Amino acid sequence: MQDQAHFSPRQHAHQRAQHLKLLQGVSRSFHLSIRLLPQALQAPVAVGYLLARATDTVADTSALPLPERQTLLDAMSQTIASQEPATAALSAQAQAFAVQQSDLHEQALMLALPQCLAWLHQLSAPDQASVRTVLGHITRGQTLDMTRFDTGLQALQTEAELSDYTWLVAGCVGEFWTELCDRHLPGFARLPTPDMMALGRAYGMGLQRLNIIRDAGADLIAGRCYWPEDTLAAAGLSPQALANCARDNDPSTRQALGPLWTAWLDQTQAQLNDGLLYSCALNGWRLRLASALPALIGARTVALLRQAGPQALGQRVKMPRREVRTLLWRLAWGLVSPGALRREFKRLSGPLTRQAPGKQ
């Protein structure tokens with residue numbers, strides 16, 4: 001293993017360029033956060049993200065049979081967890097899978113899987129352990145997804161299942177990020193590390209809840225309902241009714257869904273607000289901005305989803321790229337102070353946002 005600490009500046013720059021090239025293809029906005037991170041954090045965060053994105057691509061390719069995807073995901077998980085390099089067999093499996101991808105960026109990522117695994121082995125031993133731990137949680141969540149949604153329209157059963165899922169695939173990432181900061185940046189925050197861990201966990205879970213709401217229409221049509229069946233039943237709804245609404249925008253279903261839609265967005269907003277608290281507690285403008293950017297983009301997305309209401313089941317809602325660029329310029333002029341971040345979060349959230357109690 002060649003530790004990152006022994007790389008020359010030229011080697012660091014070359015590897016960073018390779019990371020960013022892949023990241024830009026498979027990440028609409030998170031690659032911006034990685035670019036802003038202090039150098040000590042960039043490699044472990046980038047490698048962890050790329051490997052998680054690769055395993056997610058395998059789990060999400062529902063056009064391929066479940067056994068084929070499960071075999072590849074298991075092989076990837078075992079290789080990530082081991083100290084050994086990628087085998088020729090895994091490289092061949094990844095290459096065969098890549099050529100079946102219609103998205104050229106995902107295809108490029110799968111073809112680069114052996115290189116991504118090599119980058120993992122080049123991290124320091126503690127960073128390797130952190131990446132392996134977080135990816136173990138993520139791939140467990142992805143495996144649950146594959147088996148849960150294998151045939152026909154299926155739904156999560158309870159709010160507890162939803163909470164467990166959002167922690168497995170995203171809440172653990174907030175903990176991972178905090179662990180890296182604590183290791184590489186002593187005194188990285190003005191709050192105790194356990195408090196930052198709790199805020200980071202909530203932040204990640206909120207971002208995943210936002211993904212669920214934003215992508216609900218496409219997921220329902222594909223047979224995946226992440227909204228718990230017992231919560232829907234209490235409102236006189238069912239996964240099938242939501243799937244039908246995603247296809248034909250039924251007015252009666254939209255009306256019945258309205259209160260739940262608002263409640264889900266309120267909870268998501270509260271968790272994003274925890275992310276803002278996390279970011280404002282960080283020392284150093286680069287780290288603060290890298291952490292806050294997903295919360296700010298998320299706040300704007302929540303506002304757009306509120307504006308669209310349940311009709312968003314039939315449309316794609318996202319913050320336009322030009323608004324993201326404008327946001328970055330506004331933050332640059334405000335020197336990314338905690339006060340500037342709070343003002344931007346409030347502005348992007350819009351007048352309809354209900355702040356969580358005690359989070360003003």
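Just so you know, these numbers come straight off a predicted model, no measurement behind them.
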### Minimal non-hydrogen separation, Ala290 against Ser33, with atom names
O-OG, 2.8 Å
### Query
Going by an N to O cut-off under 4.0 Å, is there a salt bridge joining Asp266 and Arg306?
yes
### Query
Got a sec: does the CZ of Arg322 have more than 12 other heavy atoms crowding it under 6.0 Å?
no
### Query
Taking the side chain as C-beta and beyond, is there a heavy-atom pair between Leu293 and Leu328 under 4.5 Å?
yes
### Message
If you count heavy atoms of other groups shown closer than 6.0 angstrom to CD of Gln255, is the number above 12?
### Response
no
### Message
Tell me if a side-chain donor or acceptor on Arg224 pairs with a main-chain N or O of Ala218 at a distance below 3.5 Å.
### Response
no
### Message
I'd like to check Met76 versus Gln93 (side-chain heavy atoms, cut-off strictly below 4.5 Å). Are they in contact?
### Response
no
#### Entry: Any donor-acceptor N/O pair, Ser291 side chain to Arg288 backbone, under 3.5 Å
no
#### Entry: Heavy-atom check, side chain of Thr326 versus side chain of Arg330, under 4.5 Å
yes
### Task
Show your reasoning for whether side chain to side chain contact (heavy atoms under 4.5 Å, CB included) applies to Asp215 and Arg316.
CA-CA 8 Å; Asp215 299 337; Arg316 178 69 169 172; 2.5 Å; yes
### Query
Checking side chain to side chain contact (heavy atoms under 4.5 Å, CB included) for the pair Leu260/Thr231: CA distance, chi angles, key distance, verdict?
CA-CA 9 Å; Leu260 279 181; Thr231 303; 3.8 Å; yes
### Task
Determine, using the 4.5 Å side-chain heavy-atom cutoff (strictly less than), whether Val324 and Leu210 are members of one ILVMFWY cluster.
yes
### Shortest non-hydrogen contact between Pro44 and Phe176, atoms and distance
O-CZ, 3.8 Å
### Task
Identify the two heavy atoms, one from Leu296 and one from Leu341, that lie closest to each other, and give their separation to 0.1 Å.
CD2-O, 3.9 Å
### Leu277 side, atom CG; Leu272 side, atom CG - distance, nearest 0.5 Å
11.0 Å
### Sidechain-backbone polar pair: Arg132 side chain, Ile80 backbone, donor-acceptor under 3.5 Å
yes
### Query
Which value, rounded to the nearest 0.5 Å, describes the distance between Gln78 atom CD and Leu73 atom CG?
10.0 Å
### Summary
Scanning both residues in full, the closest heavy-atom pair of His137 with Cys172 reads CB-SG, 3.7 Å
### Task
Would you check if the side chain of Trp261 reaches a backbone N or O of Ile213 as a donor-acceptor pair within less than 3.5 Å?
no
### Task
Verify whether one side chain among Asn244 and Gln240 offers a donor that lies under 3.5 Å from an acceptor in the other.
yes
#### Entry: Any donor-acceptor pair under 3.5 Å from Thr147 side chain to Thr143 backbone
yes
### Smallest separation among heavy atoms of Gln101 and Thr57, with atom names
OE1-CG2, 3.7 Å
### Query
Do Leu327 and Leu276 belong together in a cluster built from hydrophobic side chains that touch within less than 4.5 Å?
yes
### Query
How long is the gap from CD1 on Ile212 to CH2 on Trp227, to the nearest 0.5 Å?
9.0 Å
### Query
Mind checking whether Tyr226 and Asp145 have side chains closer than 4.5 Å, heavy atoms only?
yes
### side chain to side chain contact (heavy atoms under 4.5 Å, CB included) assessment of Trp264 paired with Leu257
CA-CA 11 Å; Trp264 285 328; Leu257 181 58; 3.7 Å; yes
### Query
Among Val317, Thr268, Ile297, which residue meets the side-chain contact (heavy atoms from CB on, under 4.5 Å) test with Val302?
Thr268
Could you pull out every donor-acceptor pair under 3.5 Å between side chains of residues 183-200 and any protein atom, sequence neighbours left out?
{"residue": "Arg183", "atom": "NH1", "partner": "Pro126", "partner atom": "O", "Å": "3.3"}
{"residue": "Arg183", "atom": "NH1", "partner": "Asp127", "partner atom": "OD1", "Å": "2.7"}
{"residue": "Arg183", "atom": "NH1", "partner": "Ser130", "partner atom": "OG", "Å": "3.1"}
{"residue": "Arg183", "atom": "NH2", "partner": "Ser130", "partner atom": "OG", "Å": "2.9"}
{"residue": "His184", "atom": "NE2", "partner": "Asp127", "partner atom": "OD1", "Å": "3.0"}
{"residue": "His184", "atom": "NE2", "partner": "Asp127", "partner atom": "OD2", "Å": "2.8"}
{"residue": "Arg190", "atom": "NH1", "partner": "Asn283", "partner atom": "OD1", "Å": "2.9"}
{"residue": "Arg190", "atom": "NH2", "partner": "Cys280", "partner atom": "O", "Å": "2.4"}
{"residue": "Thr193", "atom": "OG1", "partner": "Asp182", "partner atom": "OD1", "Å": "3.3"}

### Query
Just by distance, do the side chain of Arg69 and the backbone of Leu64 share a donor-acceptor pair under 3.5 Å?
yes
### Query
Does Asp164 reach the side chain of Glu161, with side-chain heavy atoms less than 4.5 Å apart?
no
### Query
Say you draw a straight line from OG of Ser77 to CD of Gln70; how long is it, rounded to the nearest 0.5 Å?
8.5 Å
#### Entry: N/O donor-acceptor pair under 3.5 Å between Gln157 side chain and Ala155 backbone
yes
### Message
Counting neighbours of CD on Glu323 that are heavy atoms of other residues, nucleotides or ligands and sit closer than 6.0 Å, is the number greater than 12?
### Response
yes
#### Entry: Main-chain N/O of Leu36 paired to Arg286 side chain as donor or acceptor, under 3.5 Å
yes
### Task
Verify, without hydrogens or angle tests, whether Glu106 (side chain) and Ser102 (backbone) share a donor-acceptor contact under 3.5 angstrom.
no
### Task
Find out if a path of hydrophobic residues (ILVMFWY) with successive side-chain heavy-atom gaps under 4.5 Å connects Met146 to Met110.
yes
### Query
How far does CD of Glu84 sit from NE2 of His121, to the nearest 0.5 angstrom?
7.5 Å
### Task
Using a 4.5 Å cut-off on heavy atoms from C-beta on, say whether the side chain of Leu220 contacts that of Cys225.
yes
### Task
Determine whether Leu265 and Leu304 fall in the same hydrophobic cluster, where Ile, Leu, Val, Met, Phe, Trp and Tyr are linked whenever their side-chain heavy atoms lie under 4.5 Å apart.
yes
### Summary
On a heavy-atom basis, the closest approach of Ser252 and Asp250 is OG-OD2, 2.5 Å
### Query
Can you find a pair of side-chain heavy atoms, one from Gln100 and one from Thr61, that are under 4.5 Å apart?
no
### Query
Roughly how far, to the nearest 0.5 Å, is CG of Leu51 from CG of Leu113?
7.0 Å
#### Entry: Verdict with supporting geometry, Cys181 and Leu287, side chain to side chain contact (heavy atoms under 4.5 Å, CB included)
CA-CA 9 Å; Cys181 288; Leu287 185 60; 4.0 Å; yes
### Query
Tyr203 side chain to Ala295 main-chain N or O, any donor-acceptor pair under 3.5 Å?
yes
### Query
Any side-chain heavy atom of Leu90 within less than 4.5 Å of one from Leu117?
yes
